[in-house]
Amino acid sequence: MRPSARRSTHPARLRLVDGDPKQAKSASANRTLASDLFEQLRDDILHCKLRPNSRLLFRDLRATYASGMSPLREALMRLASDGLVVLEDHKGFRVAPVSRAEIVDIANTRCELEGLAVRLSMEQGDDAWEATIVARLHELSKRPTYSAEGRLDAEWERRHDALHRALYRACGLRWLLSFCELLADRAYRYRHALLEQVDRTRNHRSEHDEIVRAVIERRPEAVSLLQTHYQRTVHTLLDRWQELA
C-alpha cells in the first residue's frame with residue numbers, strides 16, 4: 001500500500017514541475033502586453049498627453065489603451081516605481097505632479113551628474129566616441145527646431161537628446177549613465193508640460209556647436225557650457241511658470 005501510494009504522487013509532482021504550457025504562454029503574453037502598455041503610458045506621460053497630477057481611472061485607461069486590468073495594473077505599478085505615477089491610498093493612481101522645486105532639483109542634479117560624466121568621457125573617450133558626437137550634431141543640424149505648428153519638432157527633440165547622451169556615453173560608469181538618462185527623462189517631461197511657450201529667440205544650434213567643440217577638444221569649460229545650456233532652459237520655464245503650469 002505504501003509503495004504504491006508513494007508512486008502515485010510522482011506524476012502529480014512532475015506535472016507541477018513541468019507546468020501548464022498554456023498557463024506559461026498566457027503569463028508570457030500578459031508580460032508582453034504589460035511591457036507594451038508601460039511604454040505607451042510612459043511616452044504619453046513624458047509628452048504630457050497625460051497631464052501632470054491627472055487621475056488615472058481604470059475605466060478610462062482600459063478604453064483608451066484597449067487593455068485588460070492585469071497588464072494595466074502591472075504597467076502602472078512599474079510607472080509608480082519609476083516615479084512617473086503616484087499611488088494614493090484609497091484613491092488609486094495619479095500622474096506624478098510637477099513643481100518649481102522639482103524642476104530646480106532635477107536641473108541642479110543633472111548638471112552635477114552630467115558634468116561628472118562629461119569630464120570622465122573627455123578623459124576616456126576615443127575616436128569612435130568623438131565621431132559619434134559629430135554625427136549626432138550633424139543629424140541635429142539637419143532638422144528644424146520647430147514644426148509648422150510652432151511646437152518643438154518631435155524628431156528634432158529625439159536627435160537633440162541623442163546628442164546629449166553621446167556627450168557622456170564614454171564615461172565608463174553604468175550607474176552614472178542610468179542616473180543621467182533618468183534625469184533627462186524627467187527634464188523632458190517639464191519641457192513638454194510648458195511646451196507652448198518655449199523661447200523661440202534662442203539659438204540652440206550655436207549653443208550645441210560650442211559645447212561639442214569644447215568636448216571634442218577636451219577643454220575644461222565644456223562642462224560649464226553644458227550646465228549653462230541646461231540652466232537657461234530651466235530659467236525660461238520658471239519665468240513663465242505661473243501662466244503655464
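The basis for the numbers below is simple: all heavy atoms, side chains too, and nothing from hydrogens, waters or symmetry mates.
- Between A96 and G83, the shortest heavy-atom contact is CB-O, 3.4 Å.
- The two residues R165 and A184 make their nearest non-hydrogen contact at NH2-CB, 4.0 Å.
- To the nearest 0.5 angstrom, R51 atom CZ is 12.5 Å from I45 atom CD1.
- Residues V95 and R189 have side chains in contact (heavy-atom distance under 4.5 Å, counting atoms from C-beta outward).
- Ion pairing between a basic and an acidic side chain is recognised when a charged N comes within 4.0 Å of a carboxylate O; D153 and K142 show no such pairing.
- With respect to the salt-bridge test (charged N to carboxylate O, under 4.0 angstrom), the residues R119 and E123 do not qualify.
- When the side chains of ILVMFWY residues are joined at heavy-atom separations under 4.5 Å, either directly or via intervening members, L57 and V86 end up in two distinct hydrophobic clusters.
- With a 4.5 Å cut-off on side-chain heavy atoms, P97 and E102 do not count as touching.
- No side-chain heavy atom of T132 sits less than 4.5 Å from a side-chain heavy atom of R169.
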After noting the C-alpha distance and the side-chain angles of H204 and H160, does the key distance pass the side chain to side chain contact (heavy atoms under 4.5 Å, CB included) rule? CA-CA 10 Å; H204 293 92; H160 170 267; 5.7 Å; no
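- Counting heavy atoms from C-beta on, the side chains of T233 and Y190 never come closer than 4.5 Å.
- Rounding to the nearest 0.5 Å places CG of L183 at 10.0 Å from SG of C111.
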Run the numbers on R219 and M122 for side chain to side chain contact (heavy atoms under 4.5 Å, CB included), then give the verdict. CA-CA 8 Å; R219 288 190 271 127; M122 288 193 295; over 6 Å; no
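- By the rule that hydrophobic residues join a cluster once side-chain heavy atoms approach within less than 4.5 Å of another member, L182 and I106 end up as members of separate clusters.
- The heavy-atom pair separating A34 from R78 by the smallest distance is O-NH1, 4.5 Å.
- A donor-acceptor contact shorter than 3.5 Å links the side chain of H235 to the backbone of Q231.
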Could you go through T145 and R205, starting from their C-alpha distance and side-chain angles, then the distance that decides it, and tell me whether this counts as side chain to side chain contact (heavy atoms under 4.5 Å, CB included)? CA-CA 9 Å; T145 306; R205 180 168 183 174; over 6 Å; no
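- Taking NE2 of H138 as the reference point, atom CZ of R159 lies at 9.0 Å (rounded to 0.5 Å).
- Between the side chain of S54 and the main chain of L50, no donor-acceptor pair closer than 3.5 Å is present.
- Taking every heavy atom of both residues into account, L163 and I133 meet most closely at CD1-O, 3.8 Å.
- In this structure, R55 contributes its side chain and K91 its backbone to a donor-acceptor pair below 3.5 Å.
- Linking ILVMFWY residues whenever their side-chain heavy atoms come closer than 4.5 Å, directly or via other members, leaves V85 and V98 in distinct clusters.
- Using a 4.5 Å heavy-atom threshold, the side chains of R143 and R158 count as separate.
- Hydrophobic clustering (ILVMFWY, side-chain heavy atoms < 4.5 Å, transitive): I103 and L84 are in distinct clusters.
- Closest non-hydrogen pair, A187 versus R110, comes out as CB-NH1, 3.5 Å.
- Residues M77 and L87 are in side-chain contact: their nearest non-hydrogen atoms beyond the backbone lie under 4.5 Å apart.
- Remark: R218 engages E130 in a salt bridge, criterion side-chain N to carboxylate O under 4.0 Å.
- Side-chain atoms of W129 and V215, non-hydrogen and from C-beta on, do get closer than 4.5 Å to each other.
- Rounded to the nearest 0.5 Å, atoms CD (E114) and CG (L176) are 9.0 Å apart.
- Atoms CG and CZ, on D161 and R136 in that order, are 13.0 Å from each other to the nearest 0.5 Å.
- Look at E210 and R213 and you find no salt bridge, because none of the NZ, NE, NH1 or NH2 atoms lies under 4.0 Å from a carboxylate O.
- Atom CZ of R100 is separated from atom CG of L238 by 5.0 Å, given to the nearest 0.5 angstrom.
- Taking both residues in full, the closest heavy atoms of Y188 and L46 are given as CD2-O, 3.7 Å, listed atom of the first, atom of the second, then distance.
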Give the intermediate values and the outcome of side chain to side chain contact (heavy atoms under 4.5 Å, CB included) for residues L41 and L56. CA-CA 10 Å; L41 287 165; L56 296 170; 5.6 Å; no
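- Other residues, nucleotides and ligands contribute only 12 or fewer heavy atoms inside 6.0 Å of the CZ atom of R73.
- Considering only heavy atoms from C-beta on, F58 comes within 4.5 Å of F93 through its side chain.
- A donor-acceptor contact under 3.5 angstrom links the side chains of D105 and T109, judged on distance only.
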